[in-house]
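The structure displayed is predicted, hence computed values, not measured ones.
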Amino acid sequence: MPNVLIRDLDPAVHSVLSARAEARGQSLQQYLTAELTQLAGRPTLAEMLTELEQRPPRHIPRDAILKAIRDGRRIR
């Protein structure tokens, strides 16, 4: 399994992360592994925009748009 080494981490940041790990009853390694796994699972803004650009356009009939405007509601 790969390892990550972080150099020159501000001691205050290390202290906060250690405290958060301790509050969860985890080691710092366990805490950071969980946090990094969660971070990697979320797409970046650029990734989301690329994915949205690849979706086919969605057609909403003109009458439905006008009715929604008249009714003062959002189209879903």
Give me the other members of the hydrophobic cluster that Val4 sits in, counting Ile, Leu, Val, Met, Phe, Trp and Tyr linked by side-chain heavy atoms under 4.5 Å, directly or via other members. Ile6, Leu9, Val13, Leu17, Leu28, Tyr31, Leu32
My understanding is that a hydrophobic cluster links ILVMFWY residues whose side chain heavy atoms are under 4.5 Å apart, including indirect links. Using that, what else belongs to the cluster containing Val16? none
Inter-residue atom distance Leu45.CG - Leu52.CG, 0.5 Å rounding: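 Taking CG in Leu45 and CG in Leu52, the distance rounds to 9.5 Å.
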Return the set of residues passing salt bridge (charged side-chain N to carboxylate O under 4.0 Å, His left out) with Asp71 (not counting sequence neighbours), or none when no residue passes.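 Only Lys67, Arg73 meet the salt bridge (charged side-chain N to carboxylate O under 4.0 Å, His left out) criterion with Asp71.
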Applying salt bridge (charged side-chain N to carboxylate O under 4.0 Å, His left out), can you list everything that pairs with Glu47, at least two apart in sequence or on another chain?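 For Glu47 there are no salt bridge (charged side-chain N to carboxylate O under 4.0 Å, His left out) partners, ignoring immediate neighbours.
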With salt bridge (Lys or Arg N to Asp or Glu O under 4.0 Å) as the rule and sequence neighbours excluded, what pairs involving residues 13-27 come up? Arg24-Glu35
Measure across Ala21 and Ser27 and return the closest heavy-atom pair with its distance rounded to 0.1 Å. CB-O, 3.7 Å
Which heavy-atom pair separates Ala12 from Asp10 by the least distance, and what is that distance?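 Heavy atoms only, the tightest pair is N-OD1, 2.7 Å.
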With sequence neighbours left out, what residues match Ser18 under side-chain hydrogen bond (donor to acceptor under 3.5 Å, both in side chains)? none
Worked check of side-chain contact (heavy atoms from CB on, under 4.5 Å) between Leu5 and Arg7: CA-CA 6 Å; Leu5 173 66; Arg7 297 183 191 277; 3.4 Å; yes
Keeping Thr33 on the side-chain end and Gln29 on the backbone end, is there a donor-acceptor pair under 3.5 Å? yes
